[in-house]
> 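Just passing along the structure, written as structure tokens.
Computation of the quantities below employed the complete heavy-atom set of this structure, encompassing side-chain atoms and omitting hydrogens, waters and symmetry-equivalent molecules.
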Amino acid sequence: MLFQVEMTVKLPPTMPADEAAAIKAREKEYAQELQRQGKWRHLWRVAGSYANVSIFDVRDNAELQELVAGLPLFPWMEISVKPLCRHPSSIRDDDS
Ligand SMILES: O=C(O)CC1=CCC(=O)O1
């Protein structure tokens with residue numbers, strides 16, 4: 001199942017820089033491992049903001065919840081999720 005996930009990061013300005021850097025490093029490692037596994041298909045920065053638009057390819061809603069809740073930045077994110085299905089005019093083979 002494909003989902004569009006939009007994540008907006010809102011770290012408190014009072015968080016020490018080294019703590020923020022450590023969380024971001026763990027986030028990067030986690031995100032890159034899920035990309036290697038094919039579960040996090042796309043990861044795009046939303047230009048001009050500390051937010052991303054991602055496409056997840058997971059078994060079901062429960063797996064999406066598990067993966068998103070495991071993000072190191074999860075406690076400091078606003079997250080919105082939209083379920084996706086194949087568009088009838090798509091010419092891409094991997095859209096479903
Ligand atoms: O910077 C972000 O948008 C948050 C994030 C998600 C995966 C990652 O490496 O950073």
> Using the rule that Ile, Leu, Val, Met, Phe, Trp and Tyr join whenever any side-chain heavy atoms are under 4.5 Å apart, tell me whether Ile55 and Val46 fall into a single cluster.
no
> List the residues meeting salt bridge (Lys or Arg N to Asp or Glu O under 4.0 Å) with Arg45, not counting sequence neighbours, and say none if there are none.
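Applying salt bridge (Lys or Arg N to Asp or Glu O under 4.0 Å) to Arg45 gives none.
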> Not counting sequence neighbours, which residues clear salt bridge (Lys or Arg N to Asp or Glu O under 4.0 Å) with Lys39? List them please.
Glu63
> Side-chain contact, heavy-atom cut-off 4.5 Å: Leu2 with Arg86?
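The answer is no, as the side chains (C-beta and beyond) never meet within the 4.5 Å cut-off.
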> Which residue pairs satisfy the salt bridge (charged side-chain N to carboxylate O under 4.0 Å, His left out) criterion with at least one member in residues 25-35, sequence neighbours excluded?
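Matches after skipping sequence neighbours: Glu33-Arg36.
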> Does Ser90 have any side-chain hydrogen bond (donor to acceptor under 3.5 Å, both in side chains) partners at least two apart in sequence or in another chain, and if so, which?
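Result, side-chain hydrogen bond (donor to acceptor under 3.5 Å, both in side chains) vs Ser90: Asp95.
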> With side chain to side chain contact (heavy atoms under 4.5 Å, CB included) as the test, would you mind laying out the steps for Val58 and Phe3 before giving the verdict?
CA-CA 8 Å; Val58 292; Phe3 293 90; 3.7 Å; yes
> Going only through I, L, V, M, F, W and Y residues with side-chain contacts under 4.5 Å, is there a path from Val68 to Met1?
yes
> Under the rule for ring-ring contact (aromatic ring centres under 6.0 Å, His included), what residues qualify as partners of Tyr30, not counting sequence neighbours?
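For Tyr30, no residue satisfies ring-ring contact (aromatic ring centres under 6.0 Å, His included) once neighbours in sequence are set aside.
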> With sequence neighbours left out, write down each residue that passes salt bridge (Lys or Arg N to Asp or Glu O under 4.0 Å) with Arg41, or none if nothing qualifies.
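Per chain and number, Arg41 pairs via salt bridge (Lys or Arg N to Asp or Glu O under 4.0 Å) with Asp57.
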> What pairs of residues pass the side chain to side chain donor-acceptor pair (under 3.5 Å) test when at least one of them lies in residues 2-20, not counting sequence neighbours?
Lys10-Glu78
> Would you list the pairs meeting ring pair (Phe, Tyr, Trp, His ring centres under 6.0 Å) in which at least one residue belongs to residues 53-85, sequence neighbours left out?
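Applying ring pair (Phe, Tyr, Trp, His ring centres under 6.0 Å) to every pair that reaches into residues 53-85, excluding sequence neighbours, yields Trp40-Phe56.
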> Between atom CD1 of Ile23 and atom CG of Leu71, what is the distance when rounded to the nearest 0.5 Å?
12.5 Å
> Would you sort out whether Val5 and Met7 count as a side chain to side chain contact (heavy atoms under 4.5 Å, CB included), showing the intermediate values?
CA-CA 6 Å; Val5 181; Met7 308 174 198; 3.9 Å; yes
> Just how far is it from atom CD1 of Ile79 to atom OG of Ser54, taken to the nearest 0.5 Å?
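Taking CD1 in Ile79 and OG in Ser54, the distance rounds to 10.0 Å.
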> Hey, could you give me the CG/CE distance between Asn52 and Met77, rounded to the nearest 0.5 Å?
6.0 Å
> Are Leu11 and Lys24 side-chain neighbours, meaning at least one heavy-atom pair lies under 4.5 Å?
yes
